[in-house]
Amino acid sequence: MTASQNHDDSDFDASPSLGIAARAMAAARPGAAGGYLQGMNPEQREAVETLDGPVLVLAGAGTGKTRVLTTRIAHILATRRAFPSQILAVTFTNKAAREMKERVGQLVGGVVEGMPWLGTFHSIGVRMLRKHAELVGLKSNFTILDTDDQIRLIKQLIQADGIDEKRWPARQFASALDGWKNKGLRPADIPEGEARAYVNGRGRELYAAYQARLKVLNAVDFGDLLLEAVTLLRENPDVLADYHKRFRFILVDEYQDTNVVQYLWLRLLAQGSHNICCVGDDDQSIYGWRGAEVDNILRYERDFPGAKVIRLERNYRSTAHILGAASHLIAHNEARLGKTLFTDLPQADDEDKVFVASAWDSEEEARSIGDEIERYQRGGTPLNDIAILVRASFQMREFEDRFVTSGIPYRVIGGPRFYERAEIRDALAYFRIVMQPADDLAFERIVNTPRRGIGDTSVRTLHDYGRAEGVPLTEATHQLVATEEFKGKTRTALRDFLDSLGRWRDLVPAMKHTELAELILDESGYTAMWQNDRSADAPGRLENLKELIRSMDEFESMEGFLEHISLVMDRDAGEQLDAVSIMTLHSAKGLEFDTVFLPGWEEGLFPHQRALDEGGRAGLEEERRLAYVGLTRAKRHCLIWFTSNRRIHGSWQSSIPSRFLDELPAGHVEIKETGSAYGGYGSSFGRQNPYGASRFDSVERFQSNYDTPGWQRAQKAQKAAGSTGRGGFSSPAQPSYGRGQPKLIEGELIAKSVVEGAPKFAAGDRVFHVKFGPGSVAAVDGNKVTVDFDKAGQKRVVDSFLERAGN
DNA sequence: TTCTGAGTGCTTTTT
DNA sequence: GCACTCAGAA
């Protein structure tokens with residue numbers, strides 16, 4: 001995405017460039033050797049060639065999804081069904097958009113400058129809104145607020161309303177607001193009950209006030225980029241008709257992640273040509289918590305009547321063991337369309353099964369994974385091919401600590417994004433206020449950064465005046481500085497500040513934008529502020545500011561830069577050095593690694609307790625999909641760990657192996673003989689376990705656990721659907737998705753770990769626990785025992801952790 | 001304005 | 001158990 005592509009209206013005329021299509025014809029003949037269809041399997045080919053009408057491509061992990069999408073575009077161009085500018089192709093992330101652009105370019109030969117409508121939902125939303133801003137009450141140079149600005153704005157409104165901020169935190173309202181916008185609800189549309197549940201029953205009013213304030217500021221938030229776009233199309237049939245004429249083909253990536261507004265937007269646009277092709281995988285839907293509707297993909301055939309559904313199940317990534325494990329696990333989900341990955345590749349003799357290993361606690365887990373990584377490294381695996389995928393980011397720390405001491409290079413993927421850092425946001429606020437004097441949020445952010453002696457009181461005075469007069473803060477300052485309102489130092493400081501802003505503004509047309517940016521940061525004293533800061537991260541922040549200026553160089557002007565910064569600024573691709581990647585399961589979606597470590601498979605952490613408590617069965621199924629995503633990232637080796645003890649919120653908890661372990665098929669899994677889960681620290685790799693055998697000590701015992709409810713359910717599902725004959729597991733042919741499913745999560749919890757038989761303990765028994773010491777049994781529930789420990793207080797533990805102790 | 005102590009909450013994240 | 005936020009005092 002480049003800065004030059006906004007604001008130009010040329011793409012709306014009827015003379016699209018022929019360049020790409022012509023080159024596509026020349027370079028890519030479908031059938032010929034080297035043609036773009038070469039080497040595609042029949043399903044992929046069908047997905048590429050079925051151009052007319054709605055199509056849903058259910059593309060399992062590693063089945064060549066991106067290839068299908070890009071080849072489809074090439075095919076549309078080569079068959080002259082549309083010009084590049086008549087194809088709408090949407091993705092979720094900039095990264096995906098960039099990749100698609102590159103790959104279409106490769107297929108078609110040349111850079112795809114002619115595809116103006118390939119981009120993220122948000123960037124395309126912006127594009128539409130800029131063009132028709134006045135129709136939704138904006139000016140076309142509107143600002144895009146990020147979450148931080150959003151929260152500050154809400155805070156102000158809550159304060160102005162005299163509502164207790166403590167009781168109704170702005171952050172909480174911001175997420176409600178996001179939720180409503182994701183669902184396509186405007187203030188009038190939100191259900192009464194929900195409206196009342198916020199800010200003292202004033203949820204609806206606050207939402208409306210917030211929107212009104214945005215219009216005054218000539219700003220939109222991320223949610224608006226889509227919601228306002230939908231409003232625009234709904235309320236202006238002529239505009240919609242124009243887009244109908246324009247978009248001959250619509251392509252959507254990661255359809256399982258779309259939310260309601262995105263769905264509504266797509267539906268409106270697809271009314272034109274009906275040629276909408278959505279690619280996705282219901283089994284990889286892991287963003288329900290941020291508004292994604294799995295229903296969108298599950299109901300596709302009903303939403304788009306006559307839709308053709310094409311399944312891509314031939315996997316080119318992983319070994320048969322990994323696919324077998326993943327397929328069997330995901331077959332436990334009920335809300336799915338059902339597909340089973342398989343591989344054509346011959347099985348190698350030395351192919352590893354999926355490993356499961358245990359550790360005493362997270363420290364040992366990190367240590368043994370580190371050892372394992374070094375072993376792979378000695379065996380010739382580059383560290384770049386190895387990843388550790390965790391459920392929650394707090395797990396990363398243990399690995400970082402360990403790798404620092406043992407000298408394993410690593411990189412953490414994720415974390416705060418570049419433009420979210422305070423110094424970057426401050427710098428941007430300076431640039432914004434220079435370019436847009438009415439940007440009050442930018443004004444407030446930097447008016448006293450660095451300190452100029454303009455405190456809260458002064459800012460409030462400006463605010464009150466500005467609001468009373470209906471003028472932005474800059475203007476309010478101008479007017480009040482001319483009066484006796486401010487005295488002495490404050491007045492001088494404000495006047496100096498205004499002078500600086502004016503001076504910088506005058507320089508905009510005269511100076512190269514990167515130089516001006518540097519000048520602003522220097523003259524404002526902002527750079528000096530960090531230079532004088534003696535804290536450890538100050539040098540890093542200065543470095544970030546330099547990086548910011550460097551990245552501005554890619555844009556033609558300050559406006560172009562600001563336009564795209566909040567939407568497009570990715571964190572940089574990272575250094576080239578050989579290092580292990582550490583990231584969350586969520587950020588691993590779409591990636592692949594030769595060797596994948598999956599630590600922390602314990603009840604409560606994975607599946608996460610909150611997902612179960614708040615999401616019930618649907619929550620559990622989403623967790624299971626996460627596990628599926630994790631497993632299918634691995635090409636050749638997949639190693640799972642669980643610990644017997646973990647520190648959660650500061651206190652130690654003994655933990656139970658994840659139910660997902662029980663849901664792996666024994667035939668594809670191997671239990672690693674570390675035996676140290678219950679054996680204490682250090683050199684306890686011996687087989688003698690002072691605390692007795694546990695069910696994870698041997699493969700046999702492990703296998704005997706497959707007589708569990710989860711397993712039985714999966715088997716029943718298999719029987720119902722009949723075998724596919726590919727050695728894989730098949731799932732119900734009919735999606736049996738229901739909203740009113742009973743939430744049995746609690747009851748199912750430990751069931752699978754129970755070795756049938758009489759309870760080992762009774763209330764009153766004296767017992768001993770490795771971690772918590774001696775105690776007395778208070779209650780017994782299956783194999784879960786509640787114990788009053790003499791030292792550690794009352795805990796609920798699994799009986800296999802307990803030893804009978806004499807009185 | 002800056003420091004300090006109390007209070008809180010604590011999955012996942014893109015745009 | 002820790003990291004972050006915010007109100008109130010120095």
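In this text the structure is predicted, and so the values were computed from the model without any measurement.
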Practice item. Classify the side chain of A:Arg391 and the base of B:dT12 as holding, or not holding, a donor-acceptor pair under 3.5 Å. Key: yes

Review point. Under a 4.0 Å N-O cut-off, is there an ion pair linking A:Arg617 with A:Glu621?
Key: yes

Check your understanding: Looking only at heavy atoms, what is the nearest atom pair of A:Ile413 and A:Ser587, with distance?
Key ->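 Scanning both residues, the minimum pair turns out to be O-OG, 4.4 Å.
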
Review point. What integer number of Å spans the C1' atoms of C:dC6 and B:dT11?
Key: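 Their C1' atoms lie roughly 25 Å apart.
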
Point to revise | Whole-angstrom distance between C:dC2 and B:dT13, as gauged at atom C1' | key: 22 Å

Practice item. Specify the residues of residues 253-261 of chain A, ordered by number, for which at least one heavy atom lies under 4.0 angstrom from an atom of DNA chain B. Key: none

Exercise for review: Verify whether the ring centers belonging to A:Phe173 and A:Trp168 lie closer than 6.0 Å.
Suggested key: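 Between A:Trp168 and A:Phe173, which both carry aromatic rings, the centre distance is not below 6.0 Å.
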
Point to revise | Ring centers of A:Phe606, A:Phe660 separated by less than 6.0 Å | key: yes

Check the distance between [N]'s [atom2] and [X]'s [atom1] and give it to me in whole angstrom.
X: A:Leu612; N: B:dT11; atom1: CG; atom2: C1'; result: 12 Å
X: A:Leu177; N: B:dT15; atom1: CG; atom2: P; result: 20 Å
X: A:Asp146; N: B:dT13; atom1: CG; atom2: P; result: 18 Å
X: A:Met583; N: B:dT13; atom1: CE; atom2: P; result: 11 Å
X: A:Met529; N: B:dT1; atom1: CE; atom2: P; result: 14 Å

Point to revise | Minimum-distance nucleotide (side-chain atoms of A:Arg610 versus B:dT1, B:dT11, B:dT12) | key: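 For A:Arg610, the side-chain atoms sit closest to B:dT11.
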
**Study point:** From CZ (A:Arg625) to CZ (A:Arg336), nearest 0.5 Å
**Key:** 10.0 Å

Exercise for review: Indicate the ring-plane relationship of A:Tyr287 and A:His586, choosing parallel, tilted or perpendicular according to the 30° and 60° boundaries.
Suggested key: tilted

Review point. Is A:His608 stacked on the base of B:dT11 when the test is centres under 5.5 angstrom and planes under 30 degrees?
Key: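 Answer is yes, a stack.
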
Practice item. Indicate whether A:Trp289 forms a stack on B:dT12; treat it as stacked only if centroid distance is below 5.5 angstrom and interplanar angle below 30 degrees. Key: yes

Exercise for review: Would you kindly compare A:Gly453 and A:Phe92 by the position of their nearest DNA chain B nucleotide and give the one closer to the 5′ end?
Suggested key: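 Looking at DNA chain B, the more 5' nearest nucleotide goes with A:Gly453.
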
Point to revise | Residues that A:Arg152 engages under salt bridge (Lys or Arg N to Asp or Glu O under 4.0 Å), provided they are two or more places apart | key: A:Asp149

